[in-house]
Amino acid sequence: MPISFNEKNQVFKLDAGNSTYAFMIEPNGYVAHLYYGDKIASDAFEYLYRRMDRAFSPAAPGTTSSESRDVIPQEFGTNGVGDFHAPSAIIRQGNGHTVTDFKYRSHTIRRGKPSLPGLPATFGSDEEVDTLELSLYDEASDVEFLLSYSPFAKYNAIARSVTVINHSQEPVRIEKIASAALDFVDGRLDLIHLPGAWARERSVERHPVNHSRTVLESVRGLSSHQQNPFFALAAPETTETSGEVFAATLLYSGNFAAEIELDQFNQLRAQIGINERTFEWELRSGDRFTAPEALLVYSRDGIGGMSRTYHDMFRNHLIRSHWKDLKRPILVNNWEATYFDFNEKKLLSIAKDAAELGIEMLVLDDGWFGKRNDDHTSLGDWFVNEEKLKGGLGKLAGEINKLGLKFGLWFEPEMISRESELFRAHPDWCLHVPGRGASEGRNQLVLDMSRPEVVDYLFQTICKVLDSANIEYIKWDANRHLTEVGSAVMPADRQKEVSHRYVLGMYELHERLLNRYPKLLIEGCSGGGGRFDAGMLYYVPQIWTSDDTDAIERLKIQYGTSLVYPCSTMGAHISDCPNHQTGRINPFATRGYVALSGTFGYELDLNKMNAEERALIREQVSEYHKYNHLIAQGDFYRLTDPFDPRTVVVIWEHAAKDGSEALVTMVQPRNVPNGQLFRVRLRGLDPAGVYEEEKSGVCYTGEMLMNAGLNVPRYERDGAGELFHFIRR
Ligand code: DGJ
């Protein structure tokens with residue numbers, strides 16, 4: 001059993017893949033964190049429990065001065081009894097106080113892993129994962145915390161979540177609840193995180209933690225472009241290929257906070273959960289509240305090792321979609337081809353070209369509904385605009401199907417335009433605060449997804465559309481962040497629940513649609529990659545990575561995204577040049593190499609392609625079919641770093657898990673005239689295997705490619721790119 005409890009030394013030991021996590025019940029009843037790192041067979045961890053009398057570190061009632069919560073690493077931080085770090089929970093009780101003093105009460109260990117009510121969660125069979133539920137109890141408030149730990153047998157990954165139960169007779173208010181806390185005795189680590197912006201999502205930042213509390217957060221209602229719900233703490237010497245990393249991501253698509261705090265003794269507390277700035281929850285007598293799941297990953301093999309564990313975990317234990325392991329249809333999306341200016345004739349003529357070129361699905365983007373000819377109107381009016389599409393979606397989808405293509409459709413379910421029938425009928429259905437105007441973003445307001453009737457309306461209207469035509473894919477967009485987060489139906493003292501209830505409503509709509517249309521392929525989206533998080537991957541197998549479709553910009557965006565998320569989840573399309581976001585002109589072939597490393601598709605007017613471009617599209621389509629199994633199911637290796645100013649050629653590799661083949665992609669963003677010659681070391685090959693590079697016919701041993709490296713060609717132009725396919729002979 002990968003979870004054990006030793007009665008004698010009171011130590012809990014959790015083994016996850018090649019990692020071990022240990023903590024103990026202290027003689028005083030608190031729960032002290034002892035170890036997280038490489039696998040250790042023994043459970044005699046009690047020697048790591050150290051007590052020390054420290055100045056200005058008071059001890060909680062009933063404990064001695066050497067047992068201050070300020071000094072002893074905790075499993076979950078208490079509040080107001082001497083632990084001066086950010087608490088893991090704040091519970092306001094009937095008497096107005098928030099002091100809580102949680103101690104061990106009991107525990108259970110079971111096979112498998114329960115799902116979380118209304119929330120995304122990793123899953124696994126009884127053979128793949130076990131679960132420890134640790135009960136902590138605060139006698140004075142009569143409130144219990146159930147800390148859940150699920151180590152996965154095959155991966156260095158532990159899923160954690162927390163449930164709060166109010167056993168008292170009166171309501172309490174949860175003002176803060178972390179999903180996981182992680183204390184380190186030596187916290188002199190580097191923090192790695194993924195800040196960004198629209199069109200520049202998930203750039204990688206790394207810096208040593210300092211003596212302060214750093215908060216990585218979103219208060220935008222969605223997980224956001226600006227910060228991803230993820231952090232990694234790496235030893236200073238850790239690189240892409242070696243060294244220790246401790247990482248956490250939150251399976252949550254709303255306001256999150258990750259707090260990283262280095263204290264006076266260089267001890268560190270890192271925790272992640274719902275953002276307390278926009279959260280509060282009234283917990284009535286007898287009720288329970290479950291916080292979202294956090295997924296911890298440990299790597300001894302550098303940042304790359306951490307990424308591959310997340311990739312495998314998401315592909316095998318998080319994504320549920322019918323499409324999870326299936327090759328996704330190559331799509332053409334009309335957005336950058338037509339924007340709002342299309343009709344049935346234009347779409348069919350794109351579809352005709354698509355069919356000739358081997359493209360498999362046409363996706364009709366924004367503008368097909370209500371009176372929407374620009375972004376000022378009609379969100380919420382999910383019925384077809386027959387002026388644009390005569391005969392409706394059924395006819396259009398039928399014609400497209402006749403050409404041999406699937407048909408997909410764009411929705412932005414959570415939004416409402418002031419200029420819409422829906423707004424006229426239900427002006428109070430949008431998030432708003434009485435007496436204040438509602439801020440607009442992209443000329444639109446946000447529906448109050450915390451209201452069941454709003455979710456019902458959306459479910460019914462979307463079903464009606466989906467039942468009216470053969471629609472096999474939807475793109476679920478969300479093009480603004482949340483403001484005036486107030487609900488017309490929540491009582492005044494519970495308005496701070498709305499942000500979280502919004503996320504729960506959005507998840508519920510997904511769940512209901514998935515239950516009704518289990519084979520529907522859904523692509524998540526939020527103005528590009530503004531909701532690229534592990535929570536969404538429970539409902540959708542792919543997410544549009546960024547509105548920035550420039551292949552050179554995508555090198556950084558896809559690199560940063562790959563730190564946590566597998567390539568099979570990254571929406572990536574070949575778009576037109578000059579690129580609509582940057583004005584840059586990149587070679588058509590290179591645009592293909594970059595898009596191939598995601599879900600792959602086109603976002604341009606196929607009717608405008610010349611003979612050379614059409615030939616290239618045919619080639620790219622066949623490359624997709626040839627390589628997609630490696631990209632979607634293989635191991636991903638980042639070989640050079642586009643954020644490093646010394647990088648001249650950006651190089652990455654997709655290797656088959658059995659080492660039988662590998663695809664290496666090289667792209668040179670800018671030519672360095674008369675520049676240096678480079679070699680690049682490949683990874684994940686069989687050292688003794690002989691690999692033939694398909695194009696050149698040159699053979700190398702795996703050992704040569706991984707130790708001496710492959711010669712990187714001298715490319716003589718900006719944006720040059722190339723694929724290398726290695727097959728073991
Ligand atoms: C933002 C998305 O990211 C784009 O791809 C496109 O669907 C537009 N919204 C449509 O409004």
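Predicted model, so just to flag it, every value in this text is computed and none were measured. Note that ligands are numbered from 1 as they come in the structure, with each ligand's atoms numbered from 1 the same way. Side chains included, hydrogens not; waters and symmetry mates left out as well; all remaining heavy atoms used.
In this structure, the protein non-hydrogen atom closest to atom 3 (O) of ligand 1 is D547 OD1, 2.4 Å. Of the protein's non-hydrogen atoms, the one nearest atom 6 (C) of ligand 1 is D365 OD1, 3.4 Å.
Looking only at atom types and distance, the side chain of D477 has a donor-acceptor partner in the side chain of W410 under 3.5 Å away. For the 3.5 Å distance criterion, the side chains of D605 and T338 fail to qualify, holding no donor opposite an acceptor. Side-chain contact, S575 with H580: no donor N or O sits under 3.5 Å from an acceptor N or O. Side-chain atoms of Q581 and E336 include a donor-acceptor pair closer than 3.5 Å. A donor atom on one side chain and an acceptor atom on the other are found under 3.5 Å apart for D365 and N333.
Contacts of N479 with ligand 1, taken as heavy-atom pairs under 4.0 Å, involve the side chain alone.
Proximity of the aromatic rings of F411 and W476 is defined here by a centroid distance below 6.0 angstrom, and this criterion is not met.
Each of the atoms 1 (C), 3 (O) of ligand 1 lies under 4.0 Å from some heavy atom of G527. Near C525, meaning under 4.0 Å from any of its heavy atoms, are these atoms of ligand 1: 2 (C), 3 (O). Atoms of ligand 1 lying under 4.0 Å from at least one heavy atom of W544, given by number and element, are 3 (O), 5 (O).
Between K464 and D467, none of the side-chain N atoms (NZ, or NE/NH1/NH2) sits under 4.0 Å from a carboxylate O, so this pair counts as no salt bridge.
At under 3.5 Å, a nitrogen or oxygen of R442, whether backbone or side chain, sits near a nitrogen or oxygen of ligand 1. Considering backbone and side-chain atoms alike, W410 places an N or O below 3.5 Å from some N or O of ligand 1. Between G528 and ligand 1, an N or O atom pair is found at a separation short of 3.5 Å. Residue contacts with ligand 1: D477 is placed with a nitrogen or oxygen under 3.5 Å of a nitrogen or oxygen of the ligand (distance criterion only). Polar contact with ligand 1: absent for E603 (N/O pair, distance under 3.5 Å).
Using a 4.0 angstrom heavy-atom cutoff, K475 counts as in contact with ligand 1.
R584 pairs with exactly one of D550, D718, N579 by the side-chain hydrogen bond (donor to acceptor under 3.5 Å, both in side chains) rule, that one being D550.
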